Amino acid sequence: MSGFPDDIPFFDEDDTPRSKGQPAAQPAGGGIAARAMAARSAHRAPDYLTGLNPEQRLAVETTEGPVLVLAGAGTGKTRVLTTRIAHILATGRAWPSQILAVTFTNKAAREMKQRIGVLVGEAVEGMPWLGTFHSIGVKLLRRHAELAGLRSDFTILDTDDVIRLIKQLIQAEGLDDKRWPARQFAQMIDGWKNKGLGPEEIAEGDARAFANGKGRELYRAYQDRLHTLNACDFGDLLCHPIRIFRQHPDVLREYHAKFKYILVDEYQDTNTAQYMWLRLLAQRPETKRGAAVPAEGRKPDRAAGDFSPAPAEASGRSAASVNICCVGDDDQSIYGWRGAEVDNILRFEKDFPGAAVIRLERNYRSTAHILGAASHLIAHNEGRLGKTLFTEKADADDAKVMVHAAWDSEEEARAVGEEIEALQRRQHNLNDMAILVRASFQMREFEDRFVTLGLNYRVIGGPRFYERQEIRDAMAYFRVVAQGADDLAFERIVNVPKRGLGEAAIRQVHDTSRALRVPMLEAAAKLAESDEMKPKPRAALREVAANFARWQGLLDNTPHTELAETILEESGYTEMWKNDRSAEAPGRLENLKELIRSMEEYESLRGFLEHVALVMDAEQNEEMDAVNIMTLHSAKGLEFDTVFLPGWEEGLFPHQRALDEGGRSGLEEERRLAYVGLTRAKKNLHLWFTSNRRIHGLWQSTIPSRFLDELPEAHVEVAETGSSYGGYGTGSFGERQAGRQNPYGASRFDNVGQSGSFSNTYATPGWQRAQQNRTEATDRNWGSRSGHSVERIGYGEVDSGYGAGRTSVKGRTIEGELVAKSVSDSPSAFKVGDRVFHQKFGNGNIAAIEGNKLTIDFDKAGQKRVLDGFVSAA
DNA sequence: TCAGACGCGTTTTTT
DNA sequence: ACGCGTCTGA
């Protein structure tokens, strides 16, 4: 076994003060005590090990050497990971600061930290190297910035900044930015960086494919620009450290000595750059394989290219054990399209010879039916490492996986809504239900339906708080104050609010900035003092420059929240929104307040800016009982008692584009996505397909997904779609599908799932439905997390299910009768122009009538379509 | 500087 | 079909 803490140098420069005094769970500083405690815990199985199954325990206790844990869905992956860390700490194998634990998302990192905290107490605070690839990358880069040609206070650009920057470069090259969209090039750069490729390393073909063959030059120009801006994009947070490690063996060696244990979550999602990064850190000087081969002579074993060991790896020190533990599930690899390489997990044993591979196959989540369906489906994929999930949950009462047919997406949404209400009547918690869709446009139908039903829902994923315009603007102000050289931020807000600084004025600042080689803010100050400008913009510039100078002066002696408020006030930014008459304005002001409030948790403006750059998400309230709606992708890692999976049709799922662009592997990724969807369910699982769906505006007749055919009959039951769908039942479905044999053609009538219980809830920020007048919903949703009222009826477009549903349809539950009515053509009692009242939307005038569906222009809530049963004459 | 027109894209998403 | 973003004209 490798060293106890006493013979390991203690790196404390990056430790939080807390870790200096080791908490009780830790071996006390001295070696003997540590050893004694370690010995004790090794002999008596400590608490944290009890309750683990044998495989889990093996995964926890196999601390030395490379370990791959193949953790199927619902097999306790996170538990293993966290317990393993607790075990390493409790047995004195390493200090908290000697463990590198990487995740993909902030959410995962948070959860991990929290759960380790439960196991080991405060020691988790001493784990500076627990975080996302990117946050750890930043940490590394801040320490060694100069080795990447940066100053340690470099800024991190987000996607928006990057696109604007690239656009400037494209224009500077004299290229048509229409023909060569900046967004597309940003994606290309992202792709290259995902593979760890710099401008010189990209394939000639790729380089030629953009900007009249100037792709490479453009990429180079982009990197140069980042360099002069002292800035980094997300990709650089990985690529710079990789380059530093390669070029500075001494630095790499420092980290080799530092990290005794490396743990990686969701290994199947790692991209090539992350893989290289990990390998550099994990692969200790070992002279046997690979290292002896000169880098140039080694054939890159895949398209990604260069895997040559860093010099340090080749410069033979004695081989040390590589204590790396990667946890993942190849069957849940669903991010191939953004650069993830399933191959990384598939070839783990080759990369780390002698690796222990531990399979976690005991599923604690789902019923045997659900598991059986999922396993059978995923077995259609080739090239898996292969796992057989099993469960001991075998209850004769368990519902089979239900497959439902609907005529179109509207009926689908209606029927799902009904099912949800039925469950609700049986005391099921809405929080325990989820609708998982393939593509976000599918959400709309459900949202619309739930709004009319008054059913609470929350949409998870999508545009996030820090991506909102007002938040970005405010952040840009803060960035310029904290970091005067942040030209991108400066440009963003120099004329927001409008100050009469048009394109010409900004260009002038730009040119001056270039000529004098100073940041734009400085150039602006200079220009304001010169006579080169017309009086009006000159005065405006002078004011801007003076403002920033003043705020910068306040930076070090004013509480940062106060400073932030001052900035927003004095710049006129808040004023701008106060004067804005649009419906979103109040929400935006509210968001700005929330922004300031959330700054309180941070020590300084700088600390806050760093946080925002890396953590783009924000917590959301989980208190409200609401149905969860999200994409299959964002459902990974979550679980619900009842899961609805709509839209299982060819073309949508599997998605046509995945098939066109990904071929067979594209199909397999879609199948994995289906697998992820199925395995989210604990008790009840409902699959839906429709015969008709509107795609890109036109109605298309669709056929059921091939994935439905891949489900095992023993675990699946076809539901008759209830009794109230006059003419749209499954019976006629079979006929419509003539020409395709459908194993579900002949179906039995049945009722849907019965059991249910309460469980965890998940939530992330609200989703601003890109299209619609739905902005207010998310604003309120977001605001509500800090104790704001969820309801803000009274202005703007109040809609959505957030906070709704308690009163509006009480006693009006939609049952057979009403639904039947909704599809019938019985004329409405209302006529166009009537003044009506709706519980949720208030008063409005009827604009159009179709059967009993009314289109109403609400005074406050905008135009909505509702059933006539929900309104009364006003 | 702003409003209206026109045209394009429309799977999945983290950092 | 439809929204969003950008361009153009007043």
Side-chain angles (χ1 to χ4, degrees), chain A residues 102-109 131-138 156-163 167 176-179 181-184 187 190 193-194 232-239 265-266 269-271 273-274 333-340 436-444 460-464 466-467 495 497-505 610-617 630-637 647 651-662 666 669-670 672-674 676-677 694-700 764-765 767-774:
Chain A
V102 239
T103 63
F104 273 84
T105 63
N106 291 297
K107 195 176 155 200
T132 61
F133 276 101
H134 295 267
S135 66
I136 291 169
V138 175
I156 302 161
L157 304 184
D158 62 29
T159 327
D160 223 52
D161 296 325
V162 167
I163 288 170
K167 191 165 187 173
D176 178 5
D177 64 339
K178 256 314 184 9
R179 185 157 142 68
R183 178 173 297 276
Q184 193 191 329
Q187 279 163 7
D190 209 50
K193 289 190 176 177
N194 281 162
C232 251
D233 62 18
F234 284 123
D236 286 340
L237 298 180
L238 280 165
C239 292
D265 190 19
E266 304 277 19
D269 287 338
T270 46
N271 62 37
Q274 287 155 342
S333 161
I334 53 174
Y335 286 113
W337 51 273
R338 66 173 196 212
L436 312 181
V437 297
R438 173 67 246 267
S440 51
F441 75 83
Q442 293 174 263
M443 293 179 181
R444 194 189 169 153
I460 294 180
R464 290 162 303 171
Y466 291 113
E467 283 167 6
N495 199 30
K498 296 251 158 22
R499 303 187 171 98
L501 292 167
E503 209 185 324
E610 174 107 338
H611 165 82
V612 173
L614 291 172
V615 182
M616 295 294 287
D617 63 350
M630 70 193 92
T631 63
L632 286 161
H633 282 89
S634 39
K636 193 163 79 153
L652 178 58
F653 194 31
H655 199 279
Q656 193 55 47
R657 247 170 100 163
L659 300 177
D660 293 346
E661 289 164 19
E669 184 155 309
E670 293 288 290
R672 290 193 292 268
L673 196 52
V676 166
R694 198 163 56 175
I695 297 167
H696 304 331
L698 12 116
W699 284 96
Q700 309 214 299
T764 44
W767 170 290
Q768 187 166 19
R769 293 230 38 78
Q771 310 100 326
Q772 268 285 69
N773 34 2
R774 193 133 279 156

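Throughout, protein chains are lettered first and strands after them, A, B, ... in sequence-line order, and every chain is numbered starting at 1. Since this is a predicted model, take the numbers as computed values, not measurements. In what follows, every heavy atom counts, from backbone to side chain, and hydrogens, waters and symmetry copies are set aside.
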Residue pair A:Leu614 / A:Thr132, side-chain heavy-atom distance below 4.5 Å: no
Verify stack between A:His655 ring and B:dT11 base, 5.5 Å, 30 degrees: yes
Protein-nucleotide distance (A:Asn271, atom CG; B:dT14, atom P), rounded to Å: 15 Å
A:Thr159 vs B:dT15: side-chain N/O to OP1/OP2 distance below 4.0 Å: no
Touch class at under 4.0 angstrom, heavy-atom based, for A:Asn106 against every strand present: sugar-phosphate
A:His696 over B:dT10, stacked by centroid distance under 5.5 Å, angle under 30°: yes
Separation of the P atoms in B:dT12 and C:dG5, to the nearest angstrom: 16 Å
Same-atom distance (P) from B:dT11 to C:dC4, integer angstrom: 16 Å
Short side-chain N/O contact from A:Arg338 to OP1 or OP2 of B:dT13, under 4.0 Å: no
Any A:Thr631 side-chain nitrogen or oxygen under 4.0 Å from OP1 or OP2 of B:dT13: yes
Short side-chain N/O contact from A:Lys636 to OP1 or OP2 of B:dT12, under 4.0 Å: no
Spatial distance of atom OG1 (A:Thr631) from atom CE (A:Met443) [nearest 0.5 Å]: 5.5 Å
Candidate nucleotides B:dT12, B:dT15, C:dT6, ranked by approach to the side chain of A:Thr105 - the nearest: B:dT15
Length of the CG-C1' vector between A:Asp233 and B:dT14, whole Å: 14 Å
Integer-rounded Å distance: B:dT13 P and A:Phe234 CZ: 16 Å
Parallel, tilted or perpendicular: rings of A:His633 and A:Tyr335 (30°, 60°): tilted
Shortest side-chain distance from A:Thr132, nucleotide among B:dT11, B:dT13, B:dT15: B:dT15
Aromatic ring of A:Tyr335 stacked on base six-ring of B:dT14, 5.5 Å, 30°: no
Rounded distance (Å) that lies between atom C1' of B:dG9 and atom CD of A:Gln187: 13 Å
Nearest-Å distance for atom pair CD1/P, residues A:Ile156 and B:dT14: 18 Å
Length of the line joining A:Gln656:CD and B:dT12:C1', which is rounded to integer Å: 15 Å
Side-chain donor/acceptor of A:Asp158 to backbone N/O of A:Asp161, under 3.5 Å: yes
Under 3.5 Å: donor-acceptor pair, side chain of A:Glu669, backbone of A:Gly666: no
A:Ile156, A:Asn194, A:Leu157 screened by side-chain contact (heavy atoms from CB on, under 4.5 Å) with A:Phe234, the one that passes: A:Ile156
Nucleotide B:dT15, atom C1' - distance to NE2 of A:His134 in whole Å: 4 Å
OP1 or OP2 of C:dG5 under 4.0 Å from side-chain N/O of A:Arg183: no
Closest to the A:Ala658 side chain, choosing from B:dT11, B:dT15, B:dT12: B:dT11
Sugar-phosphate only, base, or nothing, as touched by A:Glu661 at under 4.0 Å among non-hydrogen atoms: base
Value in whole Å for how far the P atom of B:dT10 lies from CZ of A:Arg438: 14 Å
Earlier contact from the 5' end, DNA chain B, for A:Glu669 and A:Leu237: A:Glu669
